[in-house]
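Input: a single structure, listed below in structure tokens.
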Protein chains: 2
Amino acid sequence: MSNNNKLPTIKEIAKRLNVSASTVSRALHDHPSIGLVTTMRVHKVAKELGYEANKMAIYFKERKTYTIGVIIPDLSEPFFSAALTGVEDAAEASNYNVIIGQSLDNFEREKKIVENMKDHRVDGVLVSLTKETSTYEHFDSLKKYNIPVVFFDRVPNRKDINYVACNLVSGMLQAITKLVGIGHSRIGLINGPAKLAATLQRLEIYFRCLKENNLPMDQDIIVSTTLAKADNKKAINKLLGLEEPPTAVIVFNDYVLLDCIAAVKAAGLVVNKDISFISFANLPIWEYMDSVPLGSIEQFANKQSSMAAEFLFKMINNANKPNSAELPLLQHIIDSEMIDYSLAK
Amino acid sequence: MSNNNKLPTIKEIAKRLNVSASTVSRALHDHPSIGLVTTMRVHKVAKELGYEANKMAIYFKERKTYTIGVIIPDLSEPFFSAALTGVEDAAEASNYNVIIGQSLDNFEREKKIVENMKDHRVDGVLVSLTKETSTYEHFDSLKKYNIPVVFFDRVPNRKDINYVACNLVSGMLQAITKLVGIGHSRIGLINGPAKLAATLQRLEIYFRCLKENNLPMDQDIIVSTTLAKADNKKAINKLLGLEEPPTAVIVFNDYVLLDCIAAVKAAGLVVNKDISFISFANLPIWEYMDSVPLGSIEQFANKQSSMAAEFLFKMINNANKPNSAELPLLQHIIDSEMIDYSLAK
DNA sequence: TTGTATGCGTTATCAG
DNA sequence: CTGATAACGCATACAA
């Protein structure tokens with residue numbers, strides 16, 4: 001006698017009252033066409049039986065799941081857990097559920113997750129891409145199932161997509177201008193792996209901001225890392241080992257920077273005295289650290305993801321309308337700012 | 001012409017081949033009763049049409065969703081994001097999906113999330129409780145829907161539940177013994193809010209370990225905090241302000257400890273010289289910090305949650321068997337260990 | 001070897 | 001006002 005007591009259904013109620021299932025259904029929805037007495041009797045029995053509509057049946061009929069999927073590289077990165085929270089909030093407001101998939105920066109996993117979400121017929125998908133992702137057929141294939149996709153933060157390098165991303169130009173410009181203002185003229189760059197779209201972006205902005213500040217460009221002080229710990233250290237040490245090292249460095253992101261700081265200390269140097277850093281992301285732990293970067297350029301995890309979620313719901317709702325015109329592409333770029341930690345300390 | 005092209009169904013295939021839907025269904029499953037030719041023709045057409053079974057229909061029929069829900073307080077805590085990852089891994093292995101709900105340590109939210117997960121007919125629920133949760137009717141109610149529940153880490157103070165938790169005794173004993181070994185005899189405690197089950201647990205273990213090490217107990221060096229930042233500082237400052245402050249302190253968790261360290265520095269004191277700390281959880285950022293605790297007692301987020309997930313799947317599978325005997329309660333307590341950071345530096 | 005009928009729980013359409 | 005029927009997509013017991 002463990003689990004055989006099935007949940008009450010409309011049919012149950014109908015049987016008890018000797019009315020038809022459709023009557024019960026309508027009564028439960030207080031449909032005006034049903035007589036007051038009948039309606040009340042139905043409600044009464046429903047309550048007695050503890051009846052609750054089986055949403056799965058309704059969803060099945062509606063061909064909807066009221067569930068969206070979120071695909072992100074790695075939840076252990078605060079950026080993405082914040083992003084997920086943003087999505088969850090937006091979803092909750094729209095009465096949607098969120099199913100989650102971590103790609104772990106692995107392209108094959110990403111594909112598998114997409115496949116799985118398609119199987120579960122999610123009503124839409126939010127994605128922040130893998131480092132490895134450079135083809136997008138697996139997302140394109142979702143169109144066949146009328147599953148809309150919105151990308152955020154790590155977005156494909158294509159024009160025909162819906163996305164929300166961050167424009168890091170203003171922040172970077174602000175940062176470099178600040179560095180120049182306090183006397184720096186030799187500003188290096190530790191960039192990411194070439195695969196990542198952000199890497200190219202960083203490089204372009206870097207060049208642009210140097211130019212706007214009339215600084216010379218020197219290939220020697222531009223290095224890159226695969227983002228692996230050892231490689232991060234190698235990158236910073238390469239800069240430190242130069243005949244004329246940079247006095248400030250723009251770093252690909254906060255995680256790389258953590259390793260840089262450790263390497264600087266290991267070399268017997270002092271952060272913000274011998275060398276200063278500005279990076280991207282704004283890790284929540286800086287406030288507890290001794291050697292904080294001079295600044296960090298916000299990527300607004302939460303803002304990006306919740307806006308992406310709103311886009312997605314807009315698309316989902318549009319698709320549900322009977323004579324829906326094709327929605328124009330939803331694209332937004334959030335302006336970033338530099339956060340000045342040096343002032344905070 | 002946006003979305004009206006419906007997906008191919010079994011009926012479609014049947015129509016094209018002038019056979020019945022059931023034949024198609026069986027052929028697609030390579031049922032032996034279907035003739036080879038028919039089977040092949042079905043497969044061929046299925047491929048042409050790009051047919052894929054609508055899993056939602058199957059799930060509906062099976063009265064299953066192949067989805068489990070995870071309710072955790074806050075994803076921004078590395079502990080819980082690690083826990084979620086553990087669940088996701090376990091779920092993936094069993095071909096399940098994970099829908100997620102953050103209670104934000106708010107009891108009402110927790111109730112709402114449970115309600116929502118029930119509506120979505122998840123096959124099971126994993127929970128780490130809110131700080132505020134002291135009644136469990138909302139979970140008990142899931143029994144009615146045959147939705148099994150397994151708790152982890154923050155578990156109800158009840159015997160009739162399925163859970164996985166951490167036994168912090170051995171770690172704490174190890175920690176205090178170590179402190180005693182390096183000369184500490186006045187070991188304080190910064191405990192959490194009385195609401196949390198863990199608070200009482202910590203206190204008990206603390207007493208027990210002091211006793212085992214023949215240390216006196218002094219109420220003056222036992223303080224507590226609501227876990228709010230300001231309160232954390234107040235707690236440590238109270239200890240520091242004592243006539244005879246403790247030389248070592250066991251702290252409720254790593255987050256509290258971060259604030260303690262900041263306060264110690266602010267007071268012009270030096271961690272591990274003037275005062276030493278041991279706490280609970282093992283935050284991944286310690287390796288980048290200058291003032292690391294002497295040790296931390298592992299709570300094994302990943303291990304707890306993935307084991308809890310396995311329990312859950314066991315229950316789910318058991319419920320699916322036709323003549324399933326009631327499963328005994330699944331309970332496990334993981335032995336914790338002290339992680340020695342001082343050696344790592 | 002294949003087809004028919006039925007059911008999962010609900011709602012919409014059409015009749016009465 | 002209410003009921004019968006069909007449909008969502010699939011699987012299976014039962015017939016043939």
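By convention in this document, chain letters (A, B, ...) are assigned in the order of the sequence lines, proteins followed by strands, and residues within each chain are numbered from 1.
Atom CZ of Arg121(A) is separated from atom P of dG9(D) by 10 Å (rounded to the nearest Å). In this structure, the CG atom of Asn18(B) is 13 Å from the P atom of dT2(C), given to the nearest Å. When the C1' atom of dG9(D) is taken as reference, atom NZ of Lys15(B) falls 13 Å away, rounded to whole Å.
For the contact set between residues 31-43 of chain A and DNA chain C, defined by any heavy atom under 4.0 Å, there are no members.
Using a 4.5 Å cut-off on side-chain heavy atoms (C-beta onward), Ser25(B) and His29(B) make contact. Residues Val114(B) and Lys111(B) have side chains not in contact (no heavy-atom distance under 4.5 Å, counting atoms from C-beta outward). The closest side-chain heavy-atom distance from Met307(B) to Phe300(B) is not below 4.5 Å.
Defined by atom type and a distance below 3.5 Å, a donor-acceptor pair is missing between the side-chain atoms of His138(A) and Glu115(A). The closest side-chain donor-acceptor pair between Ser20(B) and Thr23(B) falls under 3.5 angstrom.
The main-chain N or O of Thr130(A) is found under 3.5 Å from a side-chain atom of Glu110(A) such that the two form a donor-acceptor pair. The backbone N or O of Lys118(A) lies less than 3.5 Å from a partner atom in the side chain of Arg121(A), making a donor-acceptor pair.
Applying the 4.0 Å criterion to OP1 and OP2 of dG3(D), one finds that Thr23(A) has a side-chain N or O inside that range.
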Letter per nucleotide, 5' to 3', of nucleotides 7-13 of chain C [B base touched, S only sugar-phosphate touched, - untouched; heavy atoms, 4.0 Å]: BBBBBBB

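More than 12 non-hydrogen atoms from other residues, nucleotides or ligands lie less than 6.0 angstrom from NZ of Lys64(A).
Aromatic rings of Tyr66(A) and Tyr59(A) (six-membered ring for Trp) have centroids within the 6.0 Å cut-off, being under it.
Where the helix from dT1(C)-dA16(D) to dG16(C)-dC1(D) starts and where it ends, the local axes point in directions that differ by 60°; five pairs per end, rounded to 10°.
Under the 30°/60° scheme for interplanar angles, the aromatic rings of Phe313(B) and Tyr96(B) are found to be tilted.
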